Amino acid sequence: YGITSPVDEGGTLVVEANGVTIPIHAVWPNLVKTSTLPEGGVHTHLVYGGGGDFSDFDGRKMDGAAVLMEFNSWNNWLNAATLGAQQIIFIEPDTTSYSEAEQKFLQVPNSVERFWVSKADGARLKALLEVDRELPVHMTSRMIWKKAPARNIIGTIEGTDPILKERLVVVNAYYDAMSVVPALAPGAEMAGGIVGLLELIEYLAEHPPKHTVMFLASSGHHLGFRGICDFLSRHSRKEEHFAKLMTEPFDIRLFISLDLTSQTDELGAWNSTRTFYYKRFFTPFGRSFVQYSKAIAEGFGLDPKDALIDGVNPKGGMTWDMYIPGEQLKTDGEVVLNAGTPSLSLITVNDARFRVDTPLDRAEHVNVKNLTGQIRLMAGVLDLGLNTADLIPDYRLDPDDRMRGLKGFVRTFPRRSFVPDRPKANAVASLRMGVEKSVKGVRRVYYALADEVGEFYMPGIAERRVSVSAYFMDPASG
């Protein structure tokens, strides 16, 4: 399937006085406006803005300036923009969080270009600016919207029981990553789920379960769940219109989504929805998974009482949201349930996931011991469940398929008509889902590039009302 995203083709900053050349990386677009600079680049002057308080700009010539700033400055880059700055260059910090990252882009097509430089290059520029308060520089950058092919990867292990093998269970994890600086998206914490899926595949390949298990490594999780939406559109829809479009229907009895990280060693099971209506169906799953965890806990050196958190039936007045610090997660399991297929999610709890959506989400920060413990517990719980006859109840939950798709056409007005009938190829359509612009790396503004006749399509819409707009960027000037 095709997926639309901004692609950074590279950029440089050259100090004109001495020819020092520094690579710069574009920050996530302001809605659709990327940090593309005009062909041939721009000649401007560089000043240092520190943390971006207005007092940091005292004595600086701000009109048309490029401003070097500390990344951990919240949204103070807007102060520089208010004073006339046209480019902002953020210096890599020692540590940061997704909350800081989300402040570096807007949900409107603001024209201020924003970039990231390494800590070492930032220090070089700061040293030069201590000598000269302003540095003449030449900057180039190109970030384009591109629709590129993406793939989901599917594999199956057939069940060993003649009856239970007809009950298909899908286990899923995404394998893509997201960063506020798209060219620098290491995604180490984000890889926890796919690592767990690969370990589970290796184990079950040697010890086939009684239920048939399909493994799904999905892409496009952070770009509007495009991967899981494509899987559902081909294999598991209930609404009549979309059901007719399926190419290979699967009778999925249970979908299990993995979302694992490493800063704690605690694993929880959740029913992928905050809607109370479905709780009675998922309650047995939560309790069964807890029983499976108790059966194997001591062998893993865990306390059977809290080896696995039952997020379906929280104890002591808790709610599921209390187990996820900061912003709530957006899981593939939620999307699957919206499409009418019962789903559970196995999620690392009490981990705020601070480094996700940043260039600092690197492998050296991963707590391998914590992740290993969760994967062992997850594999043990699923091994017991997949070999149990009563894992899936005989009765079926029949959730409504509430997912929809949006087909649109981008047209412009002819010079002497009130009817927009001129197709606009390569326009970028944006659709806003909810009030958040991003949730721990999952973008809540979806994008689609119009084809040669100005047509675009966006799947996976579960809201009743959405805001849609379309824009065209000049290829030369951005």
Side-chain angles (χ1 to χ4, degrees), residues 1-6 28-33 98-99 101-110 145 147 150 172 174 176-180 182 190 218-233 237 239 241-242 257 259 270 272-275 320-321 324 326-341 343 345 353 356-357 399-410 427-450 455-471:
Y1 68 98
I3 189 167
T4 299
S5 64
W28 189 264
N30 286 328
L31 190 61
V32 297
K33 175 60 178 74
Y98 65 83
S99 297
E102 290 172 10
Q103 299 302 316
K104 303 305 183 286
F105 60 95
L106 304 175
Q107 295 187 85
V108 293
N110 181 281
W145 287 98
K147 187 173 184 177
N172 152 259
Y174 60 82
D176 61 308
M178 175 58 77
S179 171
V180 69
M190 294 176 169
S218 59
S219 56
H221 171 83
H222 299 93
L223 292 168
F225 303 102
R226 287 302 178 86
I228 197 66
C229 288
D230 182 76
F231 173 84
L232 293 168
S233 67
R237 294 300 302 270
E239 200 278 331
H241 170 78
F242 296 102
S257 177
D259 198 322
W270 182 48
S272 303
T273 180
R274 294 170 180 83
T275 302
W320 170 251
D321 291 348
I324 307 295
E327 298 174 349
Q328 287 303 304
L329 291 177
K330 295 293 182 181
T331 68
D332 284 343
E334 292 180 78
V335 179
V336 172
L337 188 59
N338 281 333
T341 297
S343 67
S345 298
R353 296 161 167 80
V356 301
D357 200 13
D400 293 333
D401 185 345
R402 299 183 292 110
M403 187 183 294
R404 300 294 181 261
L406 175 70
K407 177 186 277 190
F409 303 88
V410 182
V428 178
S430 66
L431 182 150
R432 182 173 174 177
M433 289 277 286
V435 297
E436 314 101 330
K437 58 183 170 183
S438 184
V439 180
K440 294 183 178 177
V442 177
R443 298 292 184 257
R444 299 294 283 155
V445 177
Y446 301 171
Y447 299 98
L449 194 65
E455 182 177 324
F456 66 91
Y457 179 73
M458 295 181 178
I461 299 172
E463 306 283 345
R464 291 192 174 188
R465 296 181 181 179
V466 294
S467 174
V468 185
S469 55
Y471 303 84

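In this text, all values refer to a predicted model and were calculated from it rather than measured experimentally. Residue numbers run from 1 in the order of the sequence given.
Residue S219 holds its OG atom at 6.0 Å from CD1 of I3, rounded to the nearest 0.5 Å. The distance from the CG atom of D400 to the CG atom of L337 is 10.0 Å, given to the nearest 0.5 Å. For the atom pair CG of D259 and CE of M190, the computed distance is 9.5 Å after rounding to the nearest 0.5 Å. Residue N338 holds its CG atom at 12.0 Å from CD1 of I228, rounded to the nearest 0.5 Å. Distance check: I461 CD1 to F225 CZ gives 13.0 Å after rounding to the nearest 0.5 Å.
With contacts defined as side-chain heavy-atom distances shorter than 4.5 Å, the pair R353/L329 qualifies. Taking the side chain as every heavy atom from C-beta outward, V335 and M403 approach each other to under 4.5 Å. Counting heavy atoms from C-beta outward, D321 and R274 have side chains that approach closer than 4.5 Å. In this structure, R404 and L406 have side chains that are not in contact, with every pair of non-hydrogen atoms separated by 4.5 Å or more. Under the 4.5 Å side-chain criterion, counting only non-hydrogen atoms from C-beta, E436 is not in contact with E102. H221 is listed as a side-chain neighbour of V442, based on a closest heavy-atom distance under 4.5 Å. By the 4.5 Å heavy-atom criterion applied to side chains, P6 and Y447 are not counted as neighbours. Residues F456 and T4 are not in side-chain contact: their nearest non-hydrogen atoms beyond the backbone lie 4.5 Å or more apart.
Judged by distance alone, with hydrogens and angles left aside, the side-chain atoms of R226 form no donor-acceptor pair with the main-chain N or O of C229 at under 3.5 Å. Remark: the backbone N or O of L106 is paired with a side-chain donor or acceptor of N30 at under 3.5 angstrom.
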inquiry  = Between S345 and S257, does the side chain to side chain donor-acceptor pair (under 3.5 Å) criterion hold? Intermediate values first, please.
reply    = CA-CA 5 Å; S345 298; S257 177; 4.5 Å; no

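In plain terms, the two heavy atoms of V410 and A470 that are nearest each other are CG2-CB, 3.9 Å. Closest of all the heavy-atom pairs between S218 and G227 is CB-C, 4.4 Å. Minimum heavy-atom separation, L223 to M178: CD2-CE, 3.8 Å. Between L431 and M433, the closest heavy-atom pair is CD2-CG, 3.5 Å. Of all the heavy atoms in S430 and L31, the pair that sits closest is OG-CD1, 4.0 Å. Scanning all heavy atoms of the two residues, the minimum distance from V439 to R444 falls at CG2-CG, 4.0 Å.
Salt-bridge check for K440 with E327: failed, with every basic side-chain N at 4.0 Å or more from each acidic carboxylate O. A salt bridge links R443 with D357: the closest approach of a Lys/Arg side-chain nitrogen to an acidic carboxylate oxygen falls below 4.0 angstrom.
Ring geometry for W145 against W28 counts as perpendicular: the plane angle is over 60°, on a 0 to 90° scale with 30° as the lower cut. Under the 30°/60° scheme for interplanar angles, the aromatic rings of Y174 and H222 are found to stand perpendicular.
Annotation: cation-pi geometry satisfied between K437 and F105 (NZ/CZ under 6.0 angstrom from ring centroid, within 45° of ring axis).
Side-chain contact of S438 with Y98: a donor-acceptor pair under 3.5 Å is absent, judged by distance alone.
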